Amino acid sequence: MRNPFRYGRRVKGESFFDRVTIKRDILNVLDGGNNVVLFGPRRYGKSSLVGEVLSDLQEQGTLCAEINMMDVASLNDFVSRYAKIVYRATAPFAGAVNQVLGFFKRVSPTIGLDSEGKPELKFELSSTKAGISALRDVLELPEKLCPEGKRMVIALDEFQEVAELGLKVQFERTMRSVVENQEKVSYIYLGSKSHMLQRMFASKSRPFYNSAQKFQLDRPPEEESSAFVTERFKSVGLSISTDLSSKMVDLVGNVPYYIQALGSWTFNAVNGTGRKSVTPQDVEEGFSALYAAERILLENTFQSYSESQRTLLLALATEPTNRFDETYRNRHHLASTSTTNTALKRLLEASAIEPTTSAYLLADPLMVHHLKTIALD
Ligand SMILES: Nc1ncnc2c1ncn2[C@@H]1O[C@H](COP(=O)(O)OP(=O)(O)O)[C@@H](O)[C@H]1O
Ligand SMILES: [Mg+2]
């Protein structure tokens, strides 16, 4: 039997559930010619949602391009990758090649062959030609190459990483000044470092201030999640009780990535036994396998924080709060108020914790499990 759960890469079609309202709202904003910024913790399904948005748009005839800033090594690399995605999206329309060659003065595009032997444009930047003006040129390309009467949407994933290109606010300033005059092109900015992105779009002193409609991706409704789990098992002829599928969702804090991963490991536990229904023991086995698979990553992530941040994470994992009074600090070996506040700020910046009305919660439910486990050791 084929495993009905998918994780680790973007999902679509029958592997994708919920997100109906937010998807419609995003499409409406784009349809009105406006930009979108979408943030939310990693593994909640931002990239998958944007993938669905783009494929809907493409079906309606909108040109689409996307770039993941995590893949970008330098400013030069951004310029050539961006030229490539814009060229690919507009290539079906006559004249794109000539226009790229004409417009893109600072870059010398050459036509080479890709791995399948098909002709492909290559963009090579000489270092002397790099910099802000090359950036400006490449950012202007979409509006220039998008045919009259057509619209184009460009998604920039993990957009907060532009800060790593070493231009500081100059990238933002350049991009804002170019894109605010574009009429055919809308942008979707998305990323997992919610704080950084929010600041970029919500503080008055930043170039992107108020330039995009904000969307926050939360966890899906729990009933939708457990209905999804039930349906996925059913698609391969396995039944599961409503109680058990909601327990599965609960175990992983209703985070889409973990729902699929736990589903997958649980499926492995049942598969081959000849049984037709999922038991609590299968789920237990699935969860242990999931934790074993994630453990090294969790350990490395935990170790990447400073000592005071680790102490605070441990405290919040075992006793969530938003009031760090003296008794709480003593109980959890937290240092002074100011040290705790600094650690808190850093953890929020890193999106490791999320504020709720009653407490700061760890964004990653498996990290909570991990820290509770090591606290007992
Ligand atoms: N709408 C969804 N339906 C089902 N699974 C999802 C959904 N969104 C995300 N997932 C699961 O979460 C994983 C991570 O999704 P992704 O879109 O890469 O998240 P993000 O970009 O927020 O980090 C996917 O591989 C998939 O297993
Ligand atoms: Mg993503």
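Just follow the structure's listing: the first ligand is 1, and inside any ligand the first atom is 1. Worth saying up front: this structure is predicted, and the values here are computed from it rather than measured.
- Looking only at heavy atoms of the protein, atom 18 (O) of ligand 1 is closest to Ser47 CB, 4.1 Å.
- A donor and an acceptor atom, one from each side chain of Glu307 and Gln309, are nowhere located under 3.5 Å apart.
- Here's the thing with Ser192: none of its N/O atoms is less than 3.5 angstrom from an N/O atom of ligand 1.
- Arg43 N, 2.7 Å is the protein heavy atom nearest to atom 23 (O) of ligand 1.
- Of all atoms in ligand 1, listed by their number and element, those nearer than 4.0 Å to a heavy atom of Gly8 are 25 (O).
- The atoms of ligand 1 that sit less than 4.0 Å from any heavy atom of Tyr257 are 11 (C), 12 (O), 13 (C).
- Of all atoms in ligand 1, numbered sequentially from 1 with element shown, those under 4.0 Å from a heavy atom of Tyr7 are 25 (O), 27 (O).
- In terms of protein heavy-atom proximity, atom 3 (N) of ligand 1 is nearest to Phe17 N, 2.9 Å.
- Using modelled atom types and a 3.5 Å distance limit, the side chains of Thr337 and Thr340 yield no donor-acceptor pair.
- Closest to atom 4 (C) of ligand 1, if we only count protein heavy atoms, is Ser15 O, 2.9 Å.
- Gln260 places a side-chain N or O within 3.5 Å of a backbone atom of Arg6 that can act as its donor or acceptor partner.
- Heavy-atom contacts of Arg9 reach the following atoms of ligand 1: 24 (C), 25 (O) (cutoff under 4.0 Å).
- No continuous path of hydrophobic side-chain contacts links Leu30 to Phe208 [ILVMFWY only; heavy atoms under 4.5 Å].
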(message) Using ring pair (Phe, Tyr, Trp, His ring centres under 6.0 Å), reason through Phe324 and His332 one step at a time and then give a plain yes or no.
(response) CA-CA 10 Å; Phe324 303 95; His332 293 284; 9.4 Å; no
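- Ion pairing of Arg81 with Glu66 is absent here, as no side-chain N (NZ or NE/NH1/NH2) approaches a carboxylate O to less than 4.0 Å.
- The pair Lys345-Glu349 does not count as a salt bridge, with every side-chain nitrogen at least 4.0 angstrom from each carboxylate oxygen.
- The pair Arg275-Asp282 meets the salt-bridge criterion, with a side-chain N (NZ, NE, NH1 or NH2) lying under 4.0 Å from an Asp/Glu carboxylate O.
- Applying the 6.0 Å contact sphere to CD1 of Ile296 captures no more than 12 heavy atoms from other residues, nucleotides or ligands.
- Side chain of Asn254 to main chain of Val249: no donor-acceptor pair is present (N/O by atom type, distance under 3.5 Å, no hydrogens or angles).
- Assignment of Gly40 to the shell around ligand 1 is not supported, since no heavy atom sits closer than 4.0 Å.
- Taking the charged nitrogens against the carboxylate oxygens, Lys12 and Glu52 have no contact shorter than 4.0 Å, which rules out a salt bridge.
- In the vicinity of Arg42, heavy-atom distances shorter than 4.0 Å reach the ligand 1 atoms 23 (O).
- In this structure, Val11 counts as a contact residue of ligand 1, since one of its heavy atoms falls inside 4.0 Å of the ligand.
- Close approach of ligand 1 to Pro41 (heavy-atom distance below 4.0 Å) involves ligand atoms 22 (O).
- Within the protein, the number of N/O/S atoms found under 2.8 Å from the Mg ion (ligand 2) is 1.
- Applying the 6.0 Å contact sphere to CZ of Arg329 captures more than 12 heavy atoms from other residues, nucleotides or ligands.
- In this structure, atom 10 (N) of ligand 1 lies nearest to the protein heavy atom Pro256 CB, 3.5 Å.
- Each of the following atoms of ligand 1 lies closer than 4.0 Å to a heavy atom of Arg6: 26 (C), 27 (O).
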Per-pair distances, 0.1 Å, donor-acceptor, side chain in residues 33-47, under 3.5 Å, sequence neighbours excluded:
unit_1	atom_1	unit_2	atom_2	d
Asn35	OD1	Tyr187	N	2.9
Asn35	ND2	Ser211	O	3.1
Arg43	NH1	Tyr258	OH	2.9
Arg43	NH1	Glu294	OE1	3.4
Arg43	NH2	Tyr257	OH	3.4
Tyr44	OH	Arg219	NE	2.7
Tyr44	OH	Arg219	NH2	2.7
Tyr44	OH	Glu354	OE2	3.3
Lys46	NZ	Gly40	O	3.0
Lys46	NZ	Pro41	O	2.8
Lys46	NZ	Ser192	OG	3.2
Ser47	OG	Asp157	OD2	2.6

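- Ligand 1 has an N or O atom lying under 3.5 Å from an N or O atom of Gly45, backbone or side chain.
- More than 12 heavy-atom neighbours from other residues, nucleotides or ligands sit within 6.0 angstrom of CD on Gln216.
- From the protein, the heavy atom lying nearest to atom 5 (N) of ligand 1 is Gln260 NE2, 2.8 Å.
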